[in-house]
Each structure stands twice: as structure tokens, then as C-alpha cells.
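The structure under discussion appears below in the form of C-alpha cells.
Order of appearance sets the numbers: ligands from 1, and atoms from 1 within every ligand. For the single chain, residues carry numbers from 1 onward in sequence order.
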Amino acid sequence: MTKINGFTRTCGLLGNPVEHTLSPVIHNFLARETGENLVYVPFLVPSGMAGDAVRGAYALNLKGLNVTVPYKTQVIPFLKELDGLAEQIGAVNTLVRCEGGFKGYNTDMPGLYRAMCRDGVKIEGENVLILGAGGVARAVAMLLAEKGAGRIVVLNRTKEHGEEIARTVNGYMGKDMVFAMGLSDYRSLPGDERYLCIQATNVGMYPKNGQAVIEAEDFYRRVHTGYDLIFNPAVTRFMELTKAAGGKAYNGSRMLLYQGIIAYELWTGIQIGEELADKAFEKMMEAMNQ
Ligand code: NAP
């Protein structure tokens, strides 16, 4: 634990609920290891008070904040500046103190990219399936398109939500590379090649363990690598089904780690190397398993 004195700076998490967050484990560990006089604490923000929380944090000289559900979009009107990527995604998860307020960033997507690189999952040239068409799926589609994926197919319960993602990303990229389908339409995927599949729904997340958005075995025969953005439980039903069909499977815990690491780098200007990142990952996993 950092020795708290008159120079100690505070960072924290705005959200509701915040009780089960692992972010304090990541940031307080990094502060200790990098010798920063900084503490990180969760702040439970009551519904409708996102603006008060941001203004109050500035008044209290907080150095930076993470933002989680349900405030990732709600805080945007209260920011002084918005990073280009966060604007494009339409959601922020990190606030960095600036002149007169906070600047908003989105470190979830660069976090996912660093996690996939670390896990050895290739994007460039890959044909990809995305399960889900919520806020995170939209950002994932944009990330994959920008990192040079091949065909991207969004499979979602509400096909219109996938179509909206396809319109946005194709418009931004200036070419048709994202296509939308209903969940059961996977049978009409062209050819017989296997895909990288990103699971971006909340189906299967604690406490609804044991569920997958698609249960059919033949779907998983079209998947060579399954990347679930859920990190609790550590092995989801989607991962089990992917592995049972011979694919590789990963969970969202490294994404969680790297979104935190990138936030920490933005707050402190300190770059976190892979060795320290791996130690932070171990700490996070220990806390998750307690
Ligand atoms: P969201 O905006 O609420 O979207 C949820 C998506 O799941 C929607 O497309 C919805 O379909 C679909 N869905 C929900 N229940 C369903 C059901 N019973 N059957 C079929 N589809 C269903 O959520 P989000 O903010 O994008 O988050 C998605 C996931 O990303 C969550 O699991 C979250 O934990 C994860 N995440 C992980 C990290 C990390 O660091 N690892 C960071 C951020 C988010 P409809 O469009 O039809 O409603």
C-alpha cells in the first residue's frame, strides 16, 4: 500500500455498482511497483448524479477516473475535452485531469487490442464473427476494421442493431466490410472456412453462468478461435463449446487488465512493460479467485 501523506493523489472508479471491481487491485499494485504516490478507490455514484460526480472529482483535485456501467456515455456532456477514439465509439471509460476539467478517453478497445496481441490472436486478414451488437460490439467492429480484418459478420438477436453497426463502420471505412445477420443465420455463412469469433454479449456472465448465446454445435465448427469479453466466470459456456469443437478459447480478463494499464499510463505518463503487466495480471487473478 502506498504510504499516504499530504502529497498523495487520488484516482478512482465512477459506477453503480462498484463493489466487485478489480480495478483497485490493478492500479494500487501499479502505483506501488512504479513508486507513484497515488491511491485508487471505488466511488459509488447514485443514479442521475454523473455530472455532480465529475465536477466534484475535479474540485477535489482527483488525478483521473475510470468510468463503468451505467455512466460510460452519461458523463460525456460533463467533460472538458473528448479524445477522437472515444468520440467515435461514443463511450468513455477513462477521464484524465486537464485544464478546467477532465478529458475523456476509451481504453477498452486499445485494451482489447493489446490483450489479443499478448494472447497471440491475429486480426489482420482474419474473417471475424462478432456475437452481439451492443456498445462494446460496435467498438469491437470498428477496432477490427481499423486493424485490417477481412470480412466482419455481426450476429445478433436484434438484426437491426447489427445493421446499424454495419452502416456506421462501413461508412467510416468507405467500403462494405461489415455485414449483419440474425443469430440463427450463421448457417448461411459463405464457404466452410473457420472464423475468429468475439463474444460481445453479456450472456454467460456471472451470475448467469452456463449460458451461451448460440448453443448449436455446428456453429462452433465454424470457429477456430473464440474470444469472450466476459471475464467472470473465467471459463464461459461459449469458451467450453468453442474448445469442444476443437477451437482455442480466451476470456476477457486480459482486456480488463490492459484497459486499466492504458488508463494508468495516461494518468501517470509511465509506460508499463510486459513483465510488470504479467505481475499485475497475476495479482488480478488472485483477487478474482478469492
Ligand atoms: P450491451 O450494450 O447491453 O449489449 C448487449 C448485447 O447482448 C446486445 O447486442 C443484446 O442483443 C445481446 N443480448 C443480451 N441478452 C441477450 C440474450 N438473452 N440473447 C441474445 N442476445 C442477448 O452490453 P455491452 O456494454 O456492449 O457489453 C457487452 C459485454 O462486454 C459484457 O459482457 C461486458 O461484460 C463485456 N465487457 C468486457 C470488458 C472487459 O474489460 N473484459 C469491458 C467492457 C465490456 P440485442 O441487441 O438484441 O438487445
Side-chain angles (χ1 to χ4, degrees), residues 13 15-18 20-23 25-27 66-74 86 89-94 105-116 118-119 121 129-144 153-166 168 178 180-186 197-216 219 226-239 249-264 277 280-281 284-285 287-288:
L13 172 70
N16 190 349
V18 292
H20 299 291
T21 177
L22 291 166
S23 293
V25 177
I26 301 171
H27 293 294
N66 283 137
V67 183
T68 189
V69 177
Y71 299 123
K72 286 185 176 189
T73 305
Q74 288 182 36
I89 292 171
V92 299
N93 74 327
T94 299
Y105 292 83
N106 189 305
T107 72
D108 280 332
M109 284 312 109
L112 173 61
Y113 182 63
R114 253 163 93 168
M116 290 176 82
R118 177 68 181 79
D119 285 328
V121 176
L129 305 175
I130 300 175
L131 295 179
V136 171
R138 183 173 181 276
V140 168
M142 191 67 90
L143 170 79
L144 295 169
V153 183
V154 179
L155 296 165
N156 193 46
R157 174 176 65 180
T158 314
K159 191 177 167 188
E160 293 72 31
H161 295 165
E163 285 170 344
E164 166 63 26
I165 292 179
T168 309
V178 182
M181 286 183 163
L183 279 179
S184 56
D185 297 342
Y186 68 86
C197 179
I198 315 278
Q199 201 302 111
T201 77
N202 35 33
V203 178
M205 186 162 71
Y206 177 85
K208 290 188 179 167
N209 302 19
Q211 297 178 20
V213 78
I214 299 178
E215 290 279 343
F219 171 72
Y227 209 102
D228 201 328
L229 303 189
I230 291 171
F231 53 85
N232 185 11
V235 181
T236 61
R237 174 91 178 129
F238 166 81
M239 291 168 66
Y250 301 87
N251 67 23
S253 53
R254 277 199 199 274
M255 174 182 176
L256 178 70
L257 171 76
Y258 282 106
Q259 62 75 31
I261 283 181
I262 298 167
Y264 187 82
F281 187 69
M284 198 185 90
M285 297 315 285
M288 201 185 289

Notebook entry, point to check: Are I198 and L229 close enough that some pair of their side-chain heavy atoms sits under 4.5 Å apart?
Noted result: yes

Next item on the list: For residues P110 and Y105, determine if any side-chain heavy atom of one lies less than 4.5 Å from a side-chain heavy atom of the other.
Entry: no

Search all heavy atoms of [X] against all heavy atoms of [Y] and return the closest pair with its distance.
X    : Y    : result
V154 : G162 : CG1-CA, 3.9 Å
F231 : S253 : CB-N, 3.5 Å
I261 : A277 : CD1-CB, 3.6 Å
P233 : G204 : CD-O, 3.3 Å

For [atom], which protein heavy atom lies nearest, and how many Å away is it?
atom                    : answer
atom 48 (O) of ligand 1 : R157 NH2, 3.0 Å
atom 25 (O) of ligand 1 : V136 CG2, 3.6 Å
atom 11 (O) of ligand 1 : N156 OD1, 3.3 Å
atom 1 (P) of ligand 1  : G134 CA, 4.0 Å
atom 42 (C) of ligand 1 : M255 CE, 3.6 Å
atom 33 (C) of ligand 1 : M205 SD, 4.4 Å

Atoms of ligand 1, numbered as shown, that sit under 4.0 Å from any heavy atom of [X]:
X    : answer
V203 : 15 (N), 16 (C), 17 (C), 18 (N), 19 (N), 22 (C)
I230 : 32 (O)
G132 : 9 (O)
G135 : 2 (O), 26 (O)
A133 : 9 (O)

Proximity winner for [atom], if only heavy atoms of [options] are counted:
atom                    : options                : result
atom 14 (C) of ligand 1 : T73, L256, N251, N202  : N202
atom 41 (N) of ligand 1 : V140, L229, L112, I198 : L229
atom 29 (C) of ligand 1 : L155, T236, T201       : T201

Measure [X] to ligand 1 on non-hydrogen atoms and call it side chain, backbone, both or neither using the 4.0 Å cut-off.
X    : value
T158 : both
V213 : side chain
A200 : backbone

Next item on the list: Apply side chain to side chain contact (heavy atoms under 4.5 Å, CB included) to Q199 and M239, showing your working.
Entry: CA-CA 9 Å; Q199 201 302 111; M239 291 168 66; over 6 Å; no

Check: So, N156 side chain and A133 main chain: donor-acceptor pair closer than 3.5 Å or not?
Finding: yes

Margin query: Please determine whether the number of non-hydrogen atoms from other residues, nucleotides or ligands lying under 6.0 Å from atom OH of Y186 exceeds 12.
Written below: yes

Next item on the list: May I ask you to check if ligand 1 and D108 share an N or O to N or O distance below 3.5 Å?
Entry: no

Next item on the list: Apply ring pair (Phe, Tyr, Trp, His ring centres under 6.0 Å) to Y227 and list each qualifying residue two or more places apart in sequence or on a separate chain.
Entry: Y250

Note to self: For residues 254-264, which residue pairs pass the side chain to side chain donor-acceptor pair (under 3.5 Å) check, not counting sequence neighbours?
What the structure shows: T34-Y264, N93-Q259, D119-R254, Y258-E274

